[in-house]
Amino acid sequence: MKDKSVSKLKIVIVDDHELILQGTISAIQSHFLAPEIYTAKYATAGIDLVQEVNPDLILMDLSMPQILGGTAYTEYGLQLLQYVIEHYPDLNITVQSSFLKAIVRLSLEIENHPGGFTIADKSSSIEILLKRLDWSIQGVHYTQDIQIDLQVRPEWIEVLKLAFEEGLQDKMIAQTMHRSERMIGHYWSKIRDVLGIYPEADKNMRTLTYIEAKKAGLID
């Protein structure tokens with residue numbers, strides 16, 4: 001049944017999975033009254049569409065290519081999400097992804113976003129997705145399915161990426177970030193405190209940090 005309380009919605013969908021995209025479009029067309037739907041399959045096209053259309057709602061995956069024909073990474077979806085949060089404070093957002101934990105990296109931005117913000121796992125039913133879209137349009141914030149209350153700073157995320165994605169040791173991390181090694185050590189201490197990791201006999205702190213940071217969605 002069409003939702004007649006909302007008409008002529010402008011919706012941007014960013015997803016590089018063709019079957020999921022087509023199924024989502026069909027469900028939205030059946031749910032809302034005459035929605036205007038615009039689609040993109042990679043992050044830069046998503047930015048262009050939002051700038052051009054100024055939609056009421058964006059429905060987006062997190063894992064996507066940055067450019068046409070590129071490889072899908074959550075980092076590109078997070079960049080798109082951060083862009084729309086920063087530049088379109090009134091935009092309602094629904095993130096539908098199999099990698100929802102990754103949004104913890106933007107927890108502060110999401111918390112302060114005035115527009116609606118909801119999430120749905122890609123394994124969820126279409127009924128759940130449509131409900132989350134309704135909530136987002138109503139200005140509701142819903143992140144209950146995941147832990148998003150970790151207070152992490154951008155520089156801590158950078159330390160984790162340099163250490164575990166690029167394999168750098170603290171000396172090179174310090175040079176790359178233009179910080180002292182002592183400051184990098186301080187960042188590690190703060191990261192481990194947030195993750196609940198403290199020194200124990202016979203425990204490799206670096207390995208534990210990698211495992212817990214990955215569980216929390218701080219790194220891929």
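Note that this is a predicted model, so its numbers are computed, not measured.
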Of all heavy-atom pairs linking Pro35 and Gln29, the shortest is CG-CA, 4.1 Å

Same apolar cluster: Met205 and Tyr210, side chain cutoff 4.5 Å | yes

Are there more than 12 heavy atoms of other residues, nucleotides or ligands under 6.0 Å from atom OH of Tyr73?
-> no

Can you check whether Ile93 reaches Val95 side chain to side chain, under 4.5 Å on heavy atoms?
-> yes

Check whether any side-chain heavy atom of Ile110 lies under 4.5 Å from a side-chain heavy atom of Ile103, and answer yes or no.
-> yes

Is Leu80 close to Met64 at the side-chain level, that is, under 4.5 Å between some pair of heavy atoms?
-> yes

Same hydrophobic cluster for Ile67 and Val12, using side-chain heavy-atom links shorter than 4.5 Å among ILVMFWY?
-> no

Indicate yes or no for a side-chain donor-acceptor contact from His113 to the backbone of Glu109 under 3.5 Å, with no hydrogens or angles considered.
-> no

Run the salt-bridge test on Glu212 and Arg192 with the 4.0 Å N-O cut-off and return the result as yes or no.
-> no

Do Tyr42 and Ile11 share a hydrophobic cluster, counting only Ile, Leu, Val, Met, Phe, Trp and Tyr and linking them when any side-chain heavy atoms are less than 4.5 Å apart?
-> no

Is it true that Lys122 and Asp15 have a side-chain N and a carboxylate O under 4.0 angstrom from each other?
-> yes

Smallest separation among heavy atoms of Glu165 and Asp220, with atom names = OE2-N, 3.9 Å

Linking I/L/V/M/F/W/Y whenever any side-chain heavy atoms sit under 4.5 Å apart, do Ile211 and Trp156 land together?
-> yes

May I have the step-by-step check of side chain to side chain contact (heavy atoms under 4.5 Å, CB included) for Leu62 and Met60, ending in yes or no?
-> CA-CA 7 Å; Leu62 286 181; Met60 57 172 288; 4.3 Å; yes

Tightest non-hydrogen contact, residues Ser136 and Phe117, listed as OG-N, 4.0 Å

Report the hydrophobic cluster partners of Ile20, with the cluster defined as I, L, V, M, F, W, Y residues connected by side-chain heavy atoms closer than 4.5 angstrom, directly or transitively.
-> none

Thinking salt bridges, do Glu75 and Lys161 make one under a 4.0 Å N-O criterion?
-> yes

Check whether Ile219 and Phe99 end up in the same hydrophobic cluster, where Ile, Leu, Val, Met, Phe, Trp and Tyr are linked by side-chain heavy atoms less than 4.5 Å apart.
-> no

Please test Asp121 against Ser123 for side chain to side chain donor-acceptor pair (under 3.5 Å), starting from the C-alpha separation and ending with a verdict.
-> CA-CA 5 Å; Asp121 193 278; Ser123 63; 2.6 Å; yes

More than 12 heavy atoms of other groups within 6.0 Å of Arg206 CZ | yes

